[in-house]
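Down below is the structure, laid out as structure tokens.
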Amino acid sequence: MKTKVIGESLENIPWQDKPKDYDGPVWRYNENPIIERDEQLNSNSIFNSAVVPYEGKFAGVFRCDSKSVSMDIFAGFSEDGINWDIDDDAVEFKGADKEILKREYRYDPRVTKIEDKYYITWCNGYHGPTIGVAYTSDFKEFHQLENAFLPFNRNGVLFPRKINGKYAMLSRPSDNGHTPFGDIFYSDSPDMEYWGHHRHVMGTYEGDKSAWQSTKIGPGPVPIETEEGWLLIYHGVINTCNGFVYRMGIAILDLDEPWKVKYRSKNYILAPKKLYECVGDVPNVVFPCASLVDADTGRIAIYYGCADTVTGLAFTTVDELIDYAKKNPLAE
Ligand code: BMA
């Protein structure tokens, strides 16, 4: 391992070696998808979901759209990170203010362990999409806090530790529909309630410079801390004659000032190519929401939604991603 990861070891991370002759920095689990669309009592689809190591095993929060096509988030548990047991009832939040507990819709959760709590951020309907925030210690009782931002915003992703003494979050301001624009911003907060110090991190690229990310981009899993900087796996979108296509990219952000981009890859790291990524309720989408990392080996397991229908697992390493970003730089 060339680059040191700042984090915990995770000996039981799900893992498969890179297949021989495979050309690319990220490779898929050979039994994908790991979660089918109808694994839950009333689910139409299970995708864009987040997992973390929990008590020697794994826990997570899952986006399950119902057969009436409502969107909500559900807790789940797993022995191995691959086979999941997802609750049939949606997460029920407790909280100080009833106004904030009103449910319109919830989707695309991320889970971030900060100190001794697991924080959940998700796209929360409150007169339009914004970023909901909650925490849990056991994935049974969830406490909802204030929404982080005014509508409209999507893809709120917390950093796993305070930066310069403040909680830190990436997000993607949006509109109330299928947003035809979108850059990634950084915000911080002294208390997980009031967010400010907003900084632009990075935006889209038009033309043939890096066309797969020409319409909008958004942060994916919780950034991974390494001695080279924060590794940010993100999604990038192009608008085509058949609609949006979602791919995955990699950027490396400065450790102390994460709104500064050190490296960013011109090429995508994973694109919809397999049938389950190209065919589903929304074709041609790979949408990463979580990763597991083993600090000892630098192994990374990425969890991603496939075609807004099922959940996939893919693998890479810290060195693969950093090398790839450096070898295929996106010149400003
Ligand atoms: C985005 C979100 C994601 C979804 C993607 C592709 O706006 O709704 O949940 O995966 O579109 O449909």
Side-chain angles (χ1 to χ4, degrees), residues 32-37 43-51 60-66 68-74 90-91 103-111 120-126 128-132 149 151-157 170-185 203-204 212-221 233-249 268 270-274 276-291 302-314:
N32 265 353
I34 57 164
I35 304 173
E36 297 286 358
R37 64 186 306 163
S43 60
N44 165 73
S45 42
I46 308 178
F47 58 110
N48 300 3
S49 299
V51 312
V61 177
F62 294 81
R63 170 176 176 175
C64 306
D65 290 6
S66 71
S68 68
V69 194
S70 59
M71 303 179 281
D72 217 328
I73 57 179
F74 298 71
V91 167
R103 178 194 165 277
E104 287 181 22
Y105 50 81
R106 306 185 184 113
Y107 62 84
D108 295 0
R110 276 49 167 204
V111 181
I120 296 101
T121 51
W122 69 96
C123 179
N124 191 36
Y126 184 74
T130 183
I131 305 304
F149 305 114
F152 309 119
N153 200 310
R154 292 190 176 95
N155 300 301
V157 181
L170 298 171
S171 73
R172 212 285 307 286
S174 68
D175 67 10
N176 198 11
H178 300 297
T179 316
F181 61 87
D183 291 358
I184 297 176
F185 287 81
T204 55
W212 64 272
Q213 48 184 334
S214 57
T215 300
K216 54 182 168 176
I217 58 171
I233 298 167
Y234 65 97
H235 65 260
V237 181
I238 184 174
N239 197 10
T240 73
C241 56
N242 278 324
F244 289 151
V245 176
Y246 282 68
R247 296 179 171 88
M248 276 183 220
Y268 60 74
L270 194 79
K273 293 184 182 176
K274 296 286 179 186
Y276 55 90
E277 298 164 341
C278 300
V279 177
D281 286 3
V282 183
N284 305 318
V285 178
V286 293
F287 195 95
C289 282
S291 65
I302 302 170
Y303 291 76
Y304 66 105
C306 308
D308 283 12
T309 305
V310 297
T311 304
L313 175 62

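Positions are given from 1, in the same order as the sequence printed here. Start at 1 and go down the list; that is how both ligands and their atoms are numbered. Just so we're clear, the structure is a prediction, and the values are computed from it rather than from any experiment.
- The protein non-hydrogen atom at the shortest distance from atom 2 (C) of ligand 1 is Asp108 OD2, 3.6 Å.
- Taking only non-hydrogen atoms, the option from Tyr304, Phe244, Tyr246 nearest to atom 7 (O) of ligand 1 is Tyr246.
- Between Ile46 and Phe74, the closest side-chain pair of non-hydrogen atoms is not below 4.5 Å.
- Residue contacts with ligand 1: Arg63 is placed with a nitrogen or oxygen under 3.5 Å of a nitrogen or oxygen of the ligand (distance criterion only).
- In terms of polar-atom proximity, defined here as any N/O pair under 3.5 Å, Arg154 makes no such contact with ligand 1.
- Atom 12 (O) of ligand 1 has its closest protein heavy atom at Asp308 OD2, 2.7 Å.
- Residue Tyr107 has no N or O atom closer than 3.5 Å to an N or O atom of ligand 1.
- With rounding to the nearest 0.5 Å, the separation of CZ in Arg63 from CZ in Arg106 is 13.5 Å.
- By the side-chain contact (heavy atoms from CB on, under 4.5 Å) test, Pro221 is found to be paired with Ile233, Pro288, Ser291, residues two or more places apart in sequence or in another chain being considered.
- Considering CZ of Arg154 and CG of Asn176, their distance stands at 7.0 Å, rounded to 0.5 Å.
- In the displayed structure, Asn242 atom CG is contacted under 6.0 Å by at most 12 heavy atoms of other residues, nucleotides or ligands.
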